[in-house]
Amino acid sequence: MPSIHFHGDNSSSEEGSSKIGFDQEGSSIFENKPDREIWTEFKKYNESAFIFIYSKYFKLLYQYASQFTHDKDLIKDAIQDLFIELRKGRTNLSATDSIKRYLFKSIRRKVLYYKGKQKSVQYSPEQDGYNFSFVFSHEHKLIEQQLNSEKVEKLNVALTHLTSRQKEVVYHFYYEGMSYEDISEVMELKNVKSARNLIYKALGELKEALKDLS
C-alpha cells in the first residue's frame with residue numbers, strides 16, 4: 001500500500017504494515033460492524049475507523065480508478081487527495097449506509113476531474129466523453145465458474161462494441177456486485193430506472209455482439 005501523508009497534523013502512513021497499519025488490531029473491531037456505524041465513528045475522529053476504511057477500500061479504489069486511466073501517478077494522487085479531504089472535513093460529511101458507494105462516487109469524480117485538467121476539459125457528471133477500459137478477467141470467480149477461455153476472449157471482443165458508460169455499468173453490476181441504486185448514485189445517473197435501463201441496453205449489445213462472433 002503506497003504512502004499517504006496528512007498535512008496539518010502529525011499523522012502519516014508508509015508502505016506496507018508501517019504507520020497506516022500500526023493499529024490494525026484496533027481497526028479490526030470494525031470488521032463486522034455496519035457501514036453506517038463505521039462511518040459515524042470515523043466522523044467522530046476515531047482513527048481506528050479511518051485506518052479500517054483506508055485499508056479495506058484502497059485496493060478497490062485503485063482497481064476502479066485504473067479503468068479510467070493508466071496514469072499511476074494520477075490515480076495515487078487522486079486517492080491520496082480523497083482521503084486527505086475526507087479526513088480533514090470528516091465532521092461535515094453526510095451520513096452513508098454504504099462506504100463503498102460513497103468512496104466510488106468520490107474517486108470517480110476526482111479521477112475524471114484530474115483527467116479533465118490534464119486536457120483542459122471541464123468535467124461534468126453527465127458526460128459520456130471518458131474512457132473506461134474494463135475487460136473480463138479469467139481469474140474473476142463469475143468468469144472462472146461459467147466460461148472457458150475461448151468464451152472469455154469472445155466476451156472481451158464483444159465489450160469493445162460498448163460505450164465507456166455501458167462498460168462501466170457492467171463492471172459495477174458484475175464485478176462489484178452493486179445494486180441499481182448503488183450504480184445510479186456512483187455514476188450520477190438521473191434515477192434508479194436509468195441504471196436499470198443502461199444495464200439492460202449494455203447486456204443487449206453484448207448478446208448481439210456475441211451472436212456475430214459465434
Side-chain angles (χ1 to χ4, degrees), residues 1-2 4 20 30-31 33-40 42-43 49-72 74-90 92-116 123-137 140-142 159 162-199 202:
M1 189 176 295
I4 179 169
I20 192 64
F30 295 102
E31 198 67 50
K33 292 186 181 295
D35 278 10
R36 184 173 292 275
E37 183 176 339
I38 299 169
W39 195 249
T40 299
F42 163 58
K43 290 180 63 180
F50 170 77
I51 292 166
F52 176 81
I53 293 169
Y54 181 88
S55 300
K56 180 175 181 179
Y57 292 103
F58 178 89
K59 185 176 180 181
L60 284 176
L61 291 174
Y62 191 94
Q63 289 175 340
Y64 178 40
S66 297
Q67 312 306 318
F68 294 101
T69 177
H70 297 302
D71 188 335
K72 294 181 180 180
L74 184 150
I75 294 170
K76 290 175 183 177
D77 286 346
I79 295 175
Q80 173 166 290
D81 290 349
L82 171 60
F83 277 103
I84 288 173
E85 290 168 11
L86 291 176
R87 196 167 187 267
K88 284 184 175 180
R90 66 178 82 187
N92 298 318
L93 298 176
S94 59
T96 183
D97 58 3
S98 174
I99 295 173
K100 179 179 178 180
R101 182 178 65 213
Y102 192 104
L103 294 179
F104 267 49
K105 178 181 178 180
S106 299
I107 198 62
R108 182 182 193 271
R109 288 182 65 89
K110 193 165 287 294
V111 168
L112 290 178
Y113 173 72
Y114 284 3
K115 284 188 67 180
Y123 165 68
S124 169
E126 294 81 18
Q127 70 181 10
D128 288 313
Y130 64 91
N131 295 320
F132 196 84
S133 58
F134 158 65
V135 294
F136 286 106
S137 167
H140 191 271
K141 291 181 180 179
L142 177 69
L159 269 178
L162 302 186
T163 66
S164 289
R165 210 168 182 79
Q166 289 172 333
K167 290 177 187 176
E168 186 180 359
V169 79
V170 170
Y171 177 88
H172 289 312
F173 193 68
Y174 284 104
Y175 258 50
E176 296 298 340
M178 287 187 175
S179 65
Y180 296 130
E181 181 181 359
D182 288 340
I183 294 170
S184 176
E185 180 73 18
V186 169
M187 296 182 65
E188 300 184 74
L189 303 175
K190 290 182 179 179
N191 48 46
V192 175
K193 183 179 179 181
S194 296
R196 186 182 294 111
N197 290 342
L198 188 58
I199 291 171

Between the main-chain N or O of I51 and the side-chain N or O of S55, is there a donor-acceptor pair closer than 3.5 Å? yes
Return yes when atom CD of E181 has more than 12 non-hydrogen atoms of other residues, nucleotides or ligands closer than 6.0 Å, and no otherwise. no
So, do D97 and P34 sit near enough that their side-chain heavy atoms are less than 4.5 Å apart? no
Yes or no on side-chain contact (heavy atoms from CB on, under 4.5 Å) for I53 and F83, after CA distance, side-chain angles and deciding distance? CA-CA 10 Å; I53 293 169; F83 277 103; 4.1 Å; yes
Could you state the interatomic distance from OG (S184) to CG (N191), rounded to the nearest 0.5 Å? 6.0 Å
May I have the step-by-step check of side-chain contact (heavy atoms from CB on, under 4.5 Å) for D81 and Y114, ending in yes or no? CA-CA 11 Å; D81 290 349; Y114 284 3; 2.6 Å; yes
Nearest 0.5 Å, what's the NZ-NZ distance between K110 and K105? 13.5 Å
How many angstroms lie between CG in L86 and CG in N92, if you round to the nearest 0.5 Å? 12.0 Å
Under 4.5 Å between any side-chain heavy atoms of Q166 and T163, yes or no? yes
Is any side-chain heavy atom of I199 less than 4.5 Å from a side-chain heavy atom of R196? no
Nearest heavy-atom contact between I183 and M178 is CG1-CB, 3.8 Å
Looking at F50, I'd like to know if the NZ or CZ of R87 sits under 6.0 Å from its six-membered ring centre while staying within 45 degrees of the ring's axis. yes
Separation of N131 CG from H70 NE2 (nearest 0.5 Å): 8.5 Å
Do Y62 and K76 come close enough that some side-chain heavy atom pair is under 4.5 Å? yes
Does a donor on one side chain sit under 3.5 Å from an acceptor on the other, for S194 and N197? no
Taking the six-membered ring for Trp, is the centroid-to-centroid distance between Y180 and F173 below 6.0 Å? yes
Determine whether the side chains of D35 and Y102 contain a donor N or O and an acceptor N or O closer than 3.5 Å. no
For the residue pair L103 and I99, establish whether any side-chain heavy-atom pair is separated by less than 4.5 Å. yes
Keeping S133 on the side-chain end and Q67 on the backbone end, is there a donor-acceptor pair under 3.5 Å? yes
Give the minimum heavy-atom separation between A95 and R36, together with the two atoms involved. CB-NH1, 3.6 Å
Rounded to the nearest 0.5 Å, what separates atom CD in E188 from atom CG in L112? 9.0 Å
Can the ring centroids of F42 and F52 be said to lie less than 6.0 angstrom from one another? no
Distance-only, no hydrogens or angles: does the W39 side chain make a donor-acceptor pair with backbone N or O of L93 under 3.5 Å? no
Approximate separation, where rounding is to 0.5 Å, of K167 NZ and Y171 OH: 14.0 Å
Considering non-hydrogen atoms only, spot the tightest contact between A202 and V170 and give its length. CB-CG2, 3.9 Å
Flag the pair E31 and K56 as a salt bridge only when some basic side-chain nitrogen lies within less than 4.0 angstrom of an acidic carboxylate oxygen. no
Closest non-hydrogen contact found for T69 with V111 is CG2-CG1, 4.2 Å
Apply side-chain contact (heavy atoms from CB on, under 4.5 Å) to residues L60 and E176 and explain how you reach the verdict. CA-CA 9 Å; L60 284 176; E176 296 298 340; 4.0 Å; yes
Taking all non-hydrogen atoms of both residues, which atom of L159 and which atom of V135 are closest, and how far apart? CD1-CA, 3.8 Å
Should the pair R108 and Y130 be classed as cation-pi, given the thresholds of under 6.0 Å to the six-membered ring centre and 45° from the axis? yes
Strictly below 4.0 Å, N to O, side chains only: are E185 and R101 in salt-bridge contact? no
Side chains of R165 and M187: closer than 4.5 Å at any heavy-atom pair? yes
Looking only at side-chain N and O atoms, does E168 offer a donor or acceptor that is under 3.5 Å from a partner on Y64? yes
Students often mix this up, so state it plainly: with edges at 30° and 60°, are the rings of F132 and H172 parallel, tilted or perpendicular? tilted
